[in-house]
Structure formats: C-alpha cells, structure tokens
Amino acid sequence: MDTVVACSTPFGSSALSVVRVSGPKTKSFVLSLQKNTKKIKHSSPLLSSFLDEDGVVFDEGIITVFFGPNSYTGEDLAEISCHGNPIIVDQIISLACSFGCRIAEPGEFTKRAYLSGKLDISQAEAVSSLISSRSLEGAKLTYKNLGGELSANISSAKETLISVVGEIEFNLDISEEGLQPDLFTKSSQKILLLKNKMEEALSGFKKTNILNLGASVVIAGPTNAGKSTLFNLFLEQERAIISKVPGTTRDVLQDTINLKGMPIVLKDTAGIRKTKDKIEREGINKTQKELLSADLVLFLGKKEKRKKKDNKYIYIFNKSDIKKPASGEYDIQISALHGKNIKALKNLITKKLSGGSSVSSFILTSKRQVENIGRAKEHMELALKGLSTETSLELVVEDLNSSIFYLDKITKKTTKEDILSSIFSSFCVGK
Ligand SMILES: Nc1nc2c(ncn2[C@@H]2O[C@H](COP(=O)(O)OP(=O)(O)O)[C@@H](O)[C@H]2O)c(=O)[nH]1
Ligand SMILES: [Mg+2]
C-alpha cells in the first residue's frame, strides 16, 4: 500500500495548516523531519522542528501520530501542524514525496477509512455532507449519520425483513394447509411499518438537502410589483435599486439569507413584460431560466387562469397598504414597503421548502441513498400487494429479498469500484 500525503486545510496564508500522511512510511517520514529524534507515541502531540533534506530547519510545529488500526484511515496516520504558509506546506509535501509518498487523491483518506472497515459507505457520505453543509442544523443532522445512525436504521430494517422472510419460508416448507393462520396479517403489519419508515426518510430528505445545500428562491412577477423592495426587506439592506420606473432591475441580483436555520439563495429578477429594450429583454430571458431551476418562486402577481396550481409558486398580493385584490387567487397579502405580514410569508416559505415534513430519525444525505431506499420501498409495496391478494408466497419472498438487496447497497462493504470513485471524487483533497 502506498503512503499518501496531502494538505487537509484550505490553501493560502493562515495561522496554521495541517498536512496529513497515511500509510506504512508515515512513522519513518515523521522521524526524518525531526532534529532531535524523539520517541513517537500513539495519539500524543509532539513539538518538533521540521528539517529539509540538507538538515536545515525551515519551520516547527506539532506532529500527532496515530498508530493503525486506531486511526481515521486504519493505517499509521500523521497530522503535521505547521505555520500556515503555502511555501512551508509545499516543502513538507515535496519532502514526503522524495521520501516515497505520493499525493493523495480527493477523498483518499476517507476511502482508506472505508476500505479498512473504519466507516461504512453511508458514514463516508456523511463525512462529505458534513464538510459541505451550509447550515448548523444540517451539520447536526448529518453528524448523526457519521456516528452510524443510518447504518443502525438500515440494519434494523434488514433484520425485520429477514425475520419475515424466515417465517414465510418456514411456512412454505410445511404443507399449504398447515400455514400459520395469522401469517399474512402479521407479515403485512411488519412490512407496512417499515414501508412507512422509508416514506418518512424519503420526505425528510428534501428538508435535509435544503439544510445542507441551501435553496434557490426567486422573486418574480410583473414590473413595478415591488420585487426589489421585497428583496431588500429580506436582506435588511438597500441592495437593489427601487424605482417607479418599470424595467429598473435587469440583471439577476442574489444574496444568501438564513430563514429559521435554512440557508437560502434569494434572487431578485427583472420584471416580466413585453419590451423593445434589448438589455431588458436579455434580463427577462435570465428570469425565465431562474424560474426553471428555482426551488421556490415568490411570484408577486396573480396566478394565470389557464395555469395549473404549481406547488413551487407562492402567489403574493403586494401593496396591501393601498389596495385590495380585485380578483385572482393569492396565497398571501403583504406590504413589502411597510413590512406587513412578512413573518407569515417567511413561515410559508420555510413550510413550502421543507415540504411540510419534519425530519425523521432516518436521515438520508445523498441521492444514492434516496434511490436505494426508493427501490427498497417499491419492493415492499409489491410484497404487501402480494400478501393482500394472497398470491404466491414465493413471489413475496422474492420482493422482500430485493428490498434487502437495495437496503444492503446503502451500507455495503463490497461496493463496486466505479461507485466508490464517484462517491470519493466529490471530496476535497486531504479528507
Ligand atoms: N405602497 C406601496 N408601494 C410599494 C410597495 N412595495 C413596493 N412599492 C413601490 O412600488 C414601486 C416599485 O417597486 P420595486 O421594488 O422597484 O418594484 P420591482 O420593479 O418589482 O422591482 C416603488 O416605488 C416602491 O416604493 C408596497 O408594499 N406598498
Ligand atoms: Mg426591481
């Protein structure tokens, strides 16, 4: 196995940087850096000078070595804290390379942790989401999976399915007439409970995903409706120009806000109208694109009659201080200028974004997990249908085994190399 090296902290000047080394050459490399060689102990920080190839000291810092298998990667692992200067970091990395180490690929430390059985694949995914999470609440949820909460949930679901399969198979072995009388109802009840849990997990994903990645919320509507006024109100600053002149906002303006712990990228757009102005038309094209990719649209106008109710839209009646809605359907009335009913609007936004769901204890953090839970749930539904119509028990067993197969894929130790590569390549170098 190669010994790998990488800087685990962001590039640039800072008080400290941390270089990580993992693999069989770790201890001897750390010794080569020291002037007065001290005995290396497991997990004990050691103040050390750093020597270059000519024996000249170029920095000093703290080295902590963790002996495998009791380390993050399961191998010998060193964390070298040096002064946060890219030149010093480069020097340590190039010394390690001359010593026979190679530069780690993105996510390679976590991949090694996975390969040595320190983490299962769902925990490795939790590491990645924890690093990229954009809200504290999202980080807290994700951290639970790092501790193995998802793995525990999956294994308990699998145990239930295995026990149902076992019972059905036992009954298949005895004669048809001798079937346990409550076999169908008992099995259905157990599977139904599990299926509901899967549904909860799937609907909770929407909220977790928004807490981790943030949501794109677009303010749109006709010119002069008060979009920029609302945008500024949310930002609590005069960010966009407000004017009675229609067509003032042309480019998409955006900023990040936090609503009840939810990170939101809020966008102010050009008002939609027919215009001969080339630049304004370009702005309106941009608005249309934003509308397509938005998680939620705050539309300052009424719903078009022929349009079906779109769940992505909140139809807002603005300027309620000077007029009342004559016709049309609105979800809420506000006054952006006077901040009237804004609290209710904020509540509506967070409710819509979380899909009204609360996060269950079954937390999913990646699309891969969602896909597999979805497939497992589909097969549970088929098994339930089979049980309710009392069709062949063999087919029910087959569906339950497929459910187990998909649940297994979430935490499996033997995941295919291409799936591994796609998971770990999204990590940063040094993790
Ligand atoms: N009375 C009243 N005027 C508003 C309200 N919101 C915006 N306006 C005014 O409507 C005009 C257009 O606002 P602006 O935010 O630039 O609209 P936009 O074109 O949709 O971005 C400005 O003169 C605002 O002061 C409101 O709630 N009440
Ligand atoms: Mg505007």
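Numbering of ligands and ligand atoms starts at 1, following listing order.
Polar contact check, A225 against ligand 1: a nitrogen or oxygen pair lies under 3.5 Å apart. Backbone and side-chain nitrogen or oxygen atoms of K319 are examined, and one is located within less than 3.5 angstrom of a nitrogen or oxygen of ligand 1. Remark: ligand 1 and D268 share no N or O pair separated by less than 3.5 Å (distance only, no angle test). At a 3.5 angstrom cut-off on N or O pairs, G226 counts as close to ligand 1. For ligand 1, the polar-atom distance check finds an N/O of S228 within less than 3.5 Å of one of the ligand's N/O atoms.
Using a cutoff of 4.0 Å between basic side-chain nitrogens and carboxylate oxygens, R239 and D255 are scored as salt-bridged.
Of all the listed residues (T269, L337, T223, I242), I242 holds the heavy atom that lies closest to atom 22 (C) of ligand 1.
Annotation for I87: atom CD1 does not count as buried by contact number, only 12 or fewer foreign heavy atoms lying within 6.0 Å.
Looking only at heavy atoms of the protein, atom 19 (O) of ligand 1 is closest to N224 N, 2.9 Å.
Taking a 4.0 Å cut-off on heavy atoms, S243 registers as neighbouring ligand 1. The shortest separation from a heavy atom of N318 to ligand 1 is under 4.0 Å, placing the residue in contact.
Aromatic ring orientation, Y315 versus F299: perpendicular (interplanar angle above 60°, classes split at 30° and 60°). Ring orientation note: the planes of H379 and Y406 are close to parallel, at an angle under 30° on the 30°/60° scale.
Expressed to the nearest 10°, the angle at the Mg ion (ligand 2) joining OG in S228 with OG1 in T249 is 90°.
In this structure, D268 contributes its side chain and L253 its backbone to no donor-acceptor pair below 3.5 Å.
Among the atoms of T269, none of the N, O or S atoms falls under 2.8 Å from the Mg ion (ligand 2).
With a 4.5 Å cut-off on side-chain heavy atoms, Y313 and K303 do not count as touching. Side-chain contact check for V5 versus C97: some heavy-atom pair is nearer than 4.5 Å.
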